[in-house]
Amino acid sequence: MGSLLPFQDLNLLPDAPSSATGAIALKVPKLEPKTEPFDETFASQLHEPQTHQLQEAQVPQDPFFPNLSPNSQQQQLALFSEQGFGHSPISQTSAMSSDENNVYSEFHRISELFRTAFSKQNGGALPDSHPDSRAIVPVPEQNQVAEVIIPRKRTQRSAELVRVTNLGIEDERYFRNVVRRTRMTFDSLRVLSAAEEEKKQGLGLGTRRMRGDLRASSVMKDRDLWLNRDKRIVGSIPGVYIGDLFFFRMELCVVGLHGQVQAGIDYVPASQSSNGEPIATSVIVSGGYEDDEDAGDVIIYTGHGGQNKFNKQCCHQKLEGGNLALERSMLYGIEVRVIRGIKYPGSITANAKVYVYDGLYRIMDCWFDVGKSGFGVYKYKLVRIDGQPEMGSSVLKFATSLRTKPLALRPVGYLSLDISRQKENYPVLLFNNIDSDQEPLYYDYLVRTVFPPFAYHQSGNGTGCECTSSCAEDCFCAMKNGGEFAYDSNGLLLRGKPVVFECGPFCRCPPQCRNRVTQHGLKNRLEVFRSMETGWGVRSLDLIHAGAFICEYTGVVLTREQAHVISMNGDNLVYPQRFSDRWAEWGDLSQIFADYVRPAYPPVPPLDFAIDVSKMRNVACYMTHSSSPNVMVQFVLYDHNNLMFPHLMLFAMENIPPLRELSLDYGVAEEWTPKLSICN
DNA sequence: GTGCCATCAAGTTG
DNA sequence: CCAACTTGATGGCA
């Protein structure tokens, strides 16, 4: 007990009893004597906090670690399922030839997989009690129908409470990757489902509404891909950081941050709790209750219930369910996760809402009050625990005002409000409030990479599409991308590829064509900033959606021979082929479809050039290296067809909150600092 | 005590 | 504005 256990060991002992793995099963002790239930009689004593009585009856000691002071809980958790992160080997069934691949629309194939999976899931021919669901899946290379077993598991949530503390760096990274991969799958399925529905409607078939979020979560639940279902976690969820952004309630369920689809209070129910009392784990402050008062660090949170379907308070709330759980959590001093649902215009959803994880709060007070409606409501005073990173929601607000009046909010530190000098669509700010370094000011800003002239001449000219209005799926450029476009209608990258072919000057389609994304340049206000830890870094003042294009990695292209000469002088060169193949993770659905095979894209020759950023550069070269990055490289061609010289385009690998540092996996050992050392 | 099932309550999304 | 949607908790019954 108490020793730091690397997750690798835990993986070896997934079913071992908790004592053997160092896990701490949090047992709620029996209350002796049992306190008075908190009931409607308090309604007669309005505004009188009734907690002192309860606190006296119960020492405010952590019931889960009765022998420890609250500050010495150095234990390492425990027991995480491997679910969703098994390295599922991509099945090596007969790979399609490149020609077949071009003819057969990859998109269509995935849609089919999706459709058949759904038709089974929604009843289909099999009784629900059947342990497996047998989806009928078309196998393109044989043009026949094959049966693939897709596991159908709908496991119940566990009631065992655990708290996760002091994860090592490796563990943090591991869980972060699990969470990211899970969210990537969710997003892929969601978008796919929406596209599928759109298609059906185009054919005059589908009449159902599009709820990609619901369908994605449902499929993932069938595949047992929801996270943290085998334990109920009190406190922070491994792999989820304060400030992380979510666009759907379902997404919160899938990662295990909040397990209620609609309700604002998530809790371990009394019936499953070890002492027969419910314990709250998380709340969502969504603005749905008129009696809520949100002051950031302190929230007056209203319990749930008592509303009619128009969200109007129509009767008294009762101390049951989540309301009782919050009260019990207060009694035991158990912290709750707080997620805020706030209006944010940059959100992709129709209601323009975003959910922000804001960290842990303690319930300090609880009373029964008369709400604005005149009906009785339960109120809870939540106070944010000290020592946590800044709240995501306040960062969001700060960034919003920073966009319009940077100098008012940060009078000191801005060296430039646009180092691109209006060469980019959006300004690139330069901020340093740490030291006197001004280096980024002294370089020529290069918006697009400069390729040598022969790169253009060597490529086959005139291979563009003939679409006059908008490009459709039978467009020549779609074929070049394996029968599908790389982007959805919002310009988000759907699936990573060795190379993405955008429409370009050889095409007849207009500039607004959906297959032109990266060539239009920046979509966000970026900021180069100085930090103690990483020197120069890059962050965005806007929220960047997962899959969104951020910027190009620009510089002057050098051939191998030129690079060899230049590097003798010790200049900084970037080698494109060194970037790790993160694109392969993007849109990978092998976890979902048993026979999912990544399409055999046309082979891409190894890239044999270097990018010199010693004189001309753009914002990208200030990005920090990370082996758990939030930005990835996707090679893109648009202004020529030379596979040897693609553009290095950077895309977001997750929803990146404003002001969070962007990082890139330069694909090299940690000791090599790929980010330019500007100081020397 | 346990397992199954019907019912209910919880807001979000398009 | 409203219809469609889903999960988890609970209580009754076998």
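Reminder, nothing fancy here: chain letters follow the sequence lines and each chain counts from 1. Values in this document were obtained by computation on a predicted structure and should not be read as measured data.
- A:Gly305 comes within contact range of the sugar-phosphate backbone alone, with a heavy-atom separation under 4.0 Å but no base atom that close.
- Within the 4.0 Å cut-off from OP1 or OP2 of B:dT13, at least one side-chain nitrogen or oxygen of A:Asn351 is found.
- A sub-4.0 Å separation between OP1 or OP2 of B:dA9 and a side-chain N or O of A:Gln262 is absent.
- The interatomic distance linking A:Leu319 (CG) with B:dA9 (P) rounds to 17 Å, in whole Å.
- Proximity note for A:Lys353 (side chain, C-beta onward) versus B:dG14, B:dA10, B:dT12: the nearest is B:dT12.
- In this pair, A:His316 and A:Phe375 present their aromatic rings perpendicular. The plane angle is above 60°, beyond the 30 to 60° band.
- Put simply, A:Ser217 has no side-chain N or O that comes within less than 4.0 Å of OP1 or OP2 on C:dT6.
- Nucleic acid contact for A:Gly321: none, since no nucleic acid atom lies under 4.0 Å from a heavy atom of the residue.
- For the pair A:Leu227/A:Val179, a side-chain contact is recorded, criterion being any heavy-atom separation below 4.5 Å from C-beta on.
- The CG atom of A:Asn323 sits 19 Å away from the P atom of C:dG8 (whole-angstrom rounding).
- In this structure, A:Arg157 atom CZ and C:dG8 atom P are separated by 6 Å, rounded to whole Å.
- Summary of the strand contacts: A:Thr349 and A:Gln260 both lie near DNA chain B, and taking for each the nucleotide with the nearest heavy atom, the more 5' one is attributed to A:Gln260.
- For the OP1/OP2 pair of B:dG11 and a distance below 4.0 Å, the side-chain nitrogens and oxygens of A:Tyr355 include no atom meeting the criterion.
- Between A:Lys379 and A:Asp369 a salt bridge is recorded (basic side-chain N to carboxylate O distance below 4.0 Å).
- When the P atom of B:dG11 is taken as reference, atom NE2 of A:His258 falls 9 Å away, rounded to whole Å.
- OP1 or OP2 of C:dT10 lies within a sub-4.0 Å distance of a side-chain N or O belonging to A:Ser271.
- For the pair A:Gln272 CD and C:dG11 P, the computed distance is 13 Å after rounding to whole Å.
- Annotation: of the two residues near DNA chain B, A:Gly212 and A:Tyr289, the 5′-most nearest-nucleotide partner is A:Tyr289.
- Regarding contacts with the backbone of C:dG8, a side-chain N or O of A:Lys221 is found under 4.0 angstrom from either OP1 or OP2.
- Ion pairing between A:Asp588 and A:Arg495 fails under the 4.0 Å rule for side-chain N and carboxylate O.
- Rounded to a whole Å, the CZ atom of A:Arg211 is 13 Å from the C1' atom of C:dT7.
- Between A:Phe549 and A:His520, the ring center distance fails the sub-6.0 Å criterion.
- The interatomic distance linking A:Ile265 (CD1) with C:dA9 (C1') rounds to 13 Å, in whole Å.
- In this structure, A:Arg215 places its CZ atom 18 Å from C1' of C:dT7, rounding to the nearest Å.
- A:Asp266 comes within 4.0 angstrom of nothing in the nucleic acid, heavy atoms only.
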